[in-house]
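Remarks on the structure that follows.
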Amino acid sequence: MDPNETAFDLDRYLRVCGATKPECFDWTAAQPRLSDDALFTIAYMMDIESHTIVYLRDLLSTRVVRDNEVTTFLSCWAYEEFFHSLLLRRFLATQDVAIDDRRFADLRSRTSLADRFIRPGIAVLSRLTRHFPAVHMTFGAINEISTLTGYQALISRTDFTHDRSDSQRPLLTTILERIIKDERRHFAFYFNQARRRLRVPAARRLTALLVRNFWTPVGVTVRGDPAMRRLCAYLFPGDRGVERLGAVDKSIARLPGLEWFDLGACYARRVHASGPRICFPAQARSSG
């Protein structure tokens with residue numbers, strides 16, 4: 001789906017959307033043992049996908065709830081994201097990584113310092129300006145393209161097969177490529193909504209101000225910056241990793257008022273410049 005389409009076909013999305021459920025995959029084949037960094041990354045992604053319901057709760061308390069097109073999309077979006085988390089959890093089980101339900105309860109009960117200010121701030125901002133949906137759609141576009149790029153990078157870090165026949169491909173690759181299809185549709189919706197809403201100069205100014213000052217990589221408010229730094233160092237190593245995130249930045253820079261956007265590559269440069277990655281204590285078959 002091309003995010004540069006003049007309009008997002010919501011009716012078509014509703015026809016093709018649907019949860020990718022565990023029974024769609026063959027879980028019986030033996031899987032290669034993944035590295036601790038790979039397992040840590042999968043668990044991080046699982047946590048963020050599972051947290052979508054909390055994000056949705058916060059959104060529905062803002063003025064976006066008045067837009068039927070947006071709420072229709074968000075209903076399907078949250079459903080698909082839940083099953084992304086479920087698939088990643090099921091895959092971790094094949095790697096002997098047990099995930100307890102209390103993990104998700106603990107994540108949802110944590111309140112970071114950022115959340116204490118961001119959540120009330122979002123509610124206030126939504127009441128003060130009619131341009132809040134432009135801000136939300138822009139952040140959504142950034143998060144979705146960052147997420148699908150992370151999944152693509154994970155494939156490149158874990159899939160070393162040369163035979164690309166379906167019967168020989170690693171299960172993780174098959175799962176991630178199916179998730180990526182969903183994430184592309186999500187990105188297309190957010191991007192097109194953001195581009196349309198950012199035509200208004202006031203919306204551009206407000207959005208640029210908030211993105212410059214409050215953007216953080218996906219999941220930092222849930223898992224923390226040290227976890228994101230570990231993930232970034234693994235998925236986007238060296239200059240090639242910075243270039244890959246620079247390409248993501250260029251996609252977002254096509255939005256009106258965000259021509260300056262380069263925050264993803266800047267974050268990766270800071271991670272790489274900080275020296276050797278901090279080694280986390282190894283946990284036997286632990287996801288981190």
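It should be emphasised that the depicted structure is a prediction, and the values quoted were computed from it without experimental measurement. Quick note: numbers below take in every heavy atom, side chains included, and nothing from hydrogens, waters or symmetry partners. In this chain, residues are counted from 1 in sequence order.
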Grab the two heavy atoms, one from [X] and one from [Y], that are nearest each other, plus how far apart they are.
| X | Y | result |
| --- | --- | --- |
| W27 | L87 | CH2-O, 3.9 Å |
| S85 | M46 | OG-O, 3.1 Å |
| L56 | A78 | CD2-CB, 3.6 Å |
| A188 | N192 | O-ND2, 2.7 Å |
| A43 | R103 | CB-NH2, 3.6 Å |
| V242 | A268 | CG2-CB, 4.0 Å |

Count the heavy atoms belonging to other residues, nucleotides or ligands that lie under 6.0 Å from CD1 of I53, then report whether that count exceeds 12.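 12 or below, so no.
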
Would one find more than 12 heavy atoms of other residues, nucleotides or ligands at under 6.0 Å from atom CG of D67?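 Atom CG in D67 is crowded, with more than 12 foreign heavy atoms closer than 6.0 Å.
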
Return the [atom1] to [atom2] distance between [X] and [Y], rounded to the nearest 0.5 Å.
| X | Y | atom1 | atom2 | value |
| --- | --- | --- | --- | --- |
| L92 | T94 | CG | OG1 | 7.5 Å |
| E177 | Q152 | CD | CD | 9.0 Å |
| I48 | N143 | CD1 | CG | 10.0 Å |
| L148 | L176 | CG | CG | 11.5 Å |
| E80 | H186 | CD | NE2 | 4.0 Å |
| M228 | L235 | CE | CG | 8.5 Å |

Using 30° and 60° as the class boundaries, would you call the ring planes of [X] and [Y] parallel, tilted or perpendicular?
| X | Y | value |
| --- | --- | --- |
| H136 | F132 | parallel |
| F40 | Y44 | tilted |
| F189 | F73 | parallel |

Walk me through whether F191 and R254 qualify under side-chain contact (heavy atoms from CB on, under 4.5 Å). CA-CA 10 Å; F191 186 93; R254 293 199 298 268; 4.1 Å; yes

Check: [Y] main-chain N/O paired with [X] side-chain donor or acceptor under 3.5 Å:
| X | Y | result |
| --- | --- | --- |
| D47 | R223 | no |
| R33 | Q95 | yes |
| R90 | P22 | no |

Is there side-chain contact between [X] and [Y], with heavy atoms separated by less than 4.5 Å?
| X | Y | value |
| --- | --- | --- |
| P32 | F160 | no |
| L34 | L172 | yes |
| D37 | R157 | no |
| E243 | F236 | no |
| V222 | V54 | no |
| Y267 | L245 | no |
| S274 | R270 | no |
| F187 | T147 | no |

Output, in order, the C-alpha distance, side-chain angles, deciding distance and verdict of side-chain contact (heavy atoms from CB on, under 4.5 Å) for I155 and I180. CA-CA 11 Å; I155 291 174; I180 288 169; 4.0 Å; yes

Could you work out, with salt bridge (Lys or Arg N to Asp or Glu O under 4.0 Å) as the rule, every residue matching D225, not counting sequence neighbours?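 Salt bridge (Lys or Arg N to Asp or Glu O under 4.0 Å) list for D225, sorted by chain: R229.
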
Among residues at least two apart in sequence or on other chains, which ones pass salt bridge (Lys or Arg N to Asp or Glu O under 4.0 Å) with R196?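 Only E69 meet the salt bridge (Lys or Arg N to Asp or Glu O under 4.0 Å) criterion with R196.
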
Salt bridge present between D182 and R185 (N-O < 4.0 angstrom):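 The answer is yes: the pair qualifies as a salt bridge.
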
Give the intermediate values and the outcome of side-chain contact (heavy atoms from CB on, under 4.5 Å) for residues Y190 and I145. CA-CA 10 Å; Y190 281 116; I145 194 172; over 6 Å; no

Check against side-chain contact (heavy atoms from CB on, under 4.5 Å), Y234 and S35: CA-CA 11 Å; Y234 171 66; S35 68; 4.1 Å; yes

If you apply the rule ring-ring contact (aromatic ring centres under 6.0 Å, His included), what do you find for F214 with F139, and how did you get there? CA-CA 10 Å; F214 294 101; F139 273 96; 8.4 Å; no

Contacts table for residues 200-211: side-chain donor-acceptor under 3.5 angstrom, sequence neighbours left out:
{"residue": "R204", "atom": "NH1", "partner": "L198", "partner atom": "O", "Å": "3.1"}
{"residue": "R204", "atom": "NH1", "partner": "R199", "partner atom": "O", "Å": "2.7"}
{"residue": "T207", "atom": "OG1", "partner": "A203", "partner atom": "O", "Å": "2.8"}

